[in-house]
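Take a look at the structure set out below.
This chain uses plain numbering: 1 for the first residue, then up along the sequence. Remember, it's 1-based here, ligands and their atoms both numbered in the order they're listed.
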Amino acid sequence: MGRTAERTEWGGRRDLRFAIVGAGMAGILSAIRLKEAGLTDFTVYEKADRLGGTWRENTYPGLACDVPSHLYSYSFALTPELSRRYSPGGEIQGYLERVARDYEVDRHMRFGDEVACCELATGRWRLETAAGHRDEVDVVIAATGVLHHPRLPEIDGLDDFEGAMFHSSRWDHEVPLDGARIGIIGTGSTAVQIASALVDRAAKLSLFQRTAQWVLQQENPPYTRDDRAAFRQNPAQLTELHETLSHLFGVFANAIVDADSPEMEMIADACRANLEDNVRDPELRERLRPDYRAACKRLVVSPDFYEAIQRPNAELVTEGIERIESAGVRTREGRLHELDVLVLATGFKVDAFMRPMAVVGRDGQTLEHLWSARPNAYLSISIPGFPNFFMLNGPNGPVGNFSLIEVAELQMAYIMQLVERLRSGACREISATREAMEQFEAARVEAAKKTVWMTGCRSWYLDDRGIPATWPWSFDRFRAEMRAPEPTAFEYR
Ligand SMILES: Cc1cc2nc3c(=O)[nH]c(=O)nc-3n(C[C@H](O)[C@H](O)[C@H](O)COP(=O)(O)OP(=O)(O)OC[C@H]3O[C@@H](n4cnc5c(N)ncnc54)[C@H](O)[C@@H]3O)c2cc1C
């Protein structure tokens with residue numbers, strides 16, 4: 001049952017107790033940073049039976065990081081042992097497990113314990129888990145993920161299918177794939193990775209495309225034994241590589257918020273060249289050609305998707321799905337695509353964040369009510385009226401083809417500065433002011449209208465109003481903003 005933190009106070013300094021919700025990449029990071037700061041009174045609540053978040057949940061064939069994995073690594077825990085430029089998913093899961101162990105934060109984790117409710121009561125957060133465990137903490141860090149709650153397609157007859165059917169993040173490894181007739185609904189990064197991985201195993205692979213994607217061709221070479229030995233001998237080389245990649249992807253991130261930048265044009269040219277050079281059949285090429293600008297939707301990165309979809313046993317189906325039937329997928333022109341396996345690579349409910357967890361802030365205000373139109377937070381970290389409740393990878397943060405680890409590290413460094421104010425005794429409660437939140441949001445929405453995400457495509461970046469729910473400025477600006485909290489943006493009590 002819930003423990004009451006021992007709270008000593010002297011010279012204004014306070015001992016603080018923390019709850020971190022979620023043991024994915026961001027929860028592990030939070031735990032490490034707290035521990036490094038000497039704040040060891042914390043529990044990481046994880047509803048699953050293992051850490052890893054995204055990389056535990058997604059085990060589909062072909063899963064790989066789509067930014068170079070030396071960038072998709074904690075800056076303080078770079079590893080020489082990566083097998084490829086873009087690590088396979090299992091390797092990232094192994095990496096996260098190892099880091100949690102090395103930094104001895106795994107022992108703070110409670111698995112199989114979903115936080116159901118967080119309620120502010122007399123300046124502290126009372127937590128209750130689905131299993132009935134209670135805790136009381138000074139600070140909550142919500143590291144509950146974005147691409148976490150599977151989104152199923154709204155297609156008639158979904159339940160009628162008699163073959164094996166599952167969402168890409170709930171892969172059923174019992175289902176035989178060799179020689180099977182496999183259908184994939186969706187054409188985002190996940191669908192493309194699965195298609196490339198399975199085309200040689202399937203008797204027939206049908207990819208049901210609603211929207212064509214721009215595909216950036218990137219080779220995925222292995223690191224040789226010599227490469228890894230060199231990294232081991234010279235760790236500075238790893239740091240240099242991380243920094244170079246961070247700079248390069250920073251340029252990319254800057255480009256995507258400026259639809260007319262020369263870098264954006266270079267990216268578009270590279271995608272066009274991939275399509276023109278690598279798809280032979282002009283009719284197929286046109287069906288694969290998007291009718292919107294590159295990077296309006298998340299760019300798909302793949303070494304070999306066009307090669308895969310041109311295999312004799314592969315079919316790109318663009319007729320539109322009429323309904324799912326017991327034997328397969330019927331498309332609008334009346335054809336039945338008979339299938340043994342149907343994979344729903346249809347993405348995630350990206351506006352759920354920590355919900356369904358109930359969060360009740362000051363004066364009984366609920367997050368559910370506050371976010372009933374759409375989720376919102378100051379700098380995606382703090383919510384007015386929800387003091388000492390901070391989020392990593394929260395609403396409207398940076399998204400795109402770069403490392404969310406880098407984003408989370410910057411956010412956590414910012415949060416730690418707020419935590420230091422609490423620890424120093426300067427105040428007992430911190431949350432963004434309503435004015436700061438409103439000004440930030442108004443500026444964000446205006447800036448978002450000028451980004452490439454608003455140039456005429458339908459994507460998961462867009463909210464219910466069609467406004468990109470993302471950080472709309474450059475990555476340099478994000479870094480600068482994360483350097484230190486603006487004192488007037490916060491209310492201290
Ligand atoms: C297929 C796929 C590929 C991706 N590839 C990349 C990539 O190449 N580069 C990149 O930067 N990003 C990528 N991402 C994004 C990826 O989600 C992030 O990089 C990162 O893993 C997010 O970490 P997180 O800790 O914020 O969230 P998550 O990994 O989602 O972890 C959240 C954790 O919180 C737990 N949790 C949630 N609610 C509760 C609760 N109430 N109580 C207890 N526990 C709870 C969940 O079980 C989960 O373990 C990818 C995502 C997907 C789905």
Side-chain angles (χ1 to χ4, degrees), residues 19-31 43-60 62-69 71-74 85-89 91-93 95-96 100 109-118 127-131 133 135 140-151 167-171 186 188-194 218 220 245 249 253 298-301 345-350 352-359 380 391-394 397-409 411-412 460:
I20 297 168
V21 188
M25 170 278 286
I28 297 165
L29 168 73
S30 309
T43 298
V44 185
Y45 289 92
E46 170 54 60
K47 65 181 174 182
D49 60 356
R50 261 186 328 141
L51 59 76
T54 288
W55 305 100
R56 176 198 67 236
E57 280 160 8
N58 290 269
T59 56
Y60 60 78
L63 171 64
C65 203
D66 67 5
V67 296
S69 15
L71 181 61
Y72 194 78
S73 301
Y74 298 113
R85 182 181 294 161
Y86 298 94
S87 289
E91 189 165 293
I92 301 174
Q93 173 68 15
Y95 167 77
L96 293 175
M109 293 175 181
R110 272 183 77 101
F111 294 111
D113 219 3
E114 174 171 5
V115 179
C117 176
C118 283
L127 270 63
E128 186 164 351
T129 70
H133 172 84
D135 197 351
V140 176
I141 298 177
T144 49
V146 188
L147 305 180
H148 174 59
H149 299 283
R151 191 163 59 86
H167 186 267
S168 53
S169 67
R170 301 285 183 273
W171 199 272
S189 305
T190 290
V192 160
Q193 288 181 343
I194 296 170
Q218 290 285 298
N220 188 10
L245 289 168
F249 278 77
R298 192 177 206 271
L299 267 190
V300 171
V301 177
T346 43
F348 299 87
K349 294 176 190 159
V350 292
F353 291 94
M354 73 278 281
R355 294 177 285 183
M357 181 172 95
V359 187
S380 47
M391 287 171 287
L392 288 169
N393 294 325
V399 289
N401 297 73
F402 45 82
S403 166
L404 275 188
I405 296 194
E406 197 173 9
V407 170
E409 282 193 27
Q411 291 174 329
M412 192 58 197
W460 60 264

| said: Under 4.0 Å from a heavy atom of Thr190: which atoms of ligand 1 are those, numbered in the order shown and with their elements? | reply: 1 (C)
| note | In ligand 1, the atoms that come under 4.0 Å of a heavy atom of Met25 are 20 (C), 22 (C), 23 (O), 25 (O)
| query | Could an N or O of ligand 1 be found under 3.5 Å from any N or O of Val115, whether backbone or side chain? | reply | yes
| message | Tell me the protein heavy atom at minimum distance from atom 38 (N) of ligand 1, and give that distance in Å. | response | Thr144 CG2, 3.5 Å
| said: Under 4.0 Å from a heavy atom of Ala143: which atoms of ligand 1 are those, numbered in the order shown and with their elements? | reply: 32 (C), 33 (C), 34 (O)
| Hey, which atoms in ligand 1 end up nearer than 4.0 Å to a heavy atom of Phe348? | 53 (C)
| query | Just how far is it from atom CD of Gln93 to atom OG of Ser87, taken to the nearest 0.5 Å? | reply | 12.5 Å
| query | Any heavy atom of Val21 sitting closer than 4.0 Å to ligand 1? | reply | yes
| Side chains of Tyr74 and Leu96: does their closest heavy-atom pair fall under 4.5 Å? | yes
| Aromatic plane relationship, Tyr60 with Trp171 - under 30° parallel, 30 to 60° tilted, over 60° perpendicular | tilted
| field | Closest protein heavy atom (residue, atom, distance) for atom 30 (O) of ligand 1 | value | Gly145 CA, 3.4 Å
| said: With the threshold set at under 4.0 angstrom, would you say Asp113 reaches ligand 1 through any of its heavy atoms? | reply: yes
| message | What protein heavy atom lies closest to atom 49 (O) of ligand 1? Include the residue and the distance to one decimal. | response | Glu46 OE1, 2.6 Å
| request: Go through ligand 1 atom by atom and flag the ones less than 4.0 Å from a non-hydrogen atom of Asn58. | output: 1 (C), 53 (C)
| task | State whether the shortest distance between N or O atoms of Arg298 and N or O atoms of ligand 1 falls below 3.5 angstrom. | result | no
| said: Are Leu392 and Ile141 packed together at the side-chain level, in the sense that at least one heavy-atom pair is separated by less than 4.5 angstrom? | reply: yes
| query | Is the closest heavy-atom distance from Trp55 to ligand 1 below 4.0 Å? | reply | yes
| note | shortest atom 18 (C) of ligand 1-to-protein heavy-atom contact is with Tyr72 OH, 3.5 Å
| request: Name the closest protein heavy atom to atom 26 (O) of ligand 1, giving the residue it belongs to and the distance to 0.1 Å. | output: Asn393 ND2, 2.9 Å
| With a 4.0 Å cut-off on heavy atoms, does His148 reach ligand 1? | yes
| Does even one non-hydrogen atom of Arg56 get within less than 4.0 Å of ligand 1? | yes
| task | Compute the shortest N/O to N/O distance between Cys65 and ligand 1 and return yes if it is under 3.5 Å, no if not. | result | no
| field | Closest approach of any protein heavy atom to atom 34 (O) of ligand 1, naming residue and atom | value | Gly22 CA, 3.1 Å
| query | Counting each atom of ligand 1 from 1 as listed, which ones have a heavy atom of Tyr45 under 4.0 Å away? | reply | 43 (C), 44 (N)
| query | Looking only at distance, does Ala26 have an N or O less than 3.5 Å from an N or O of ligand 1? | reply | yes
| query | When you measure from atom 44 (N) of ligand 1 to every protein heavy atom, which one gives the shortest distance, and what is it? | reply | Lys47 N, 3.1 Å
| field | Protein heavy atom at shortest distance from atom 16 (C) of ligand 1 | value | Thr54 OG1, 3.5 Å
| request: Would you indicate whether the side-chain heavy atoms of Leu63 and Trp55 approach each other to under 4.5 Å? | output: yes
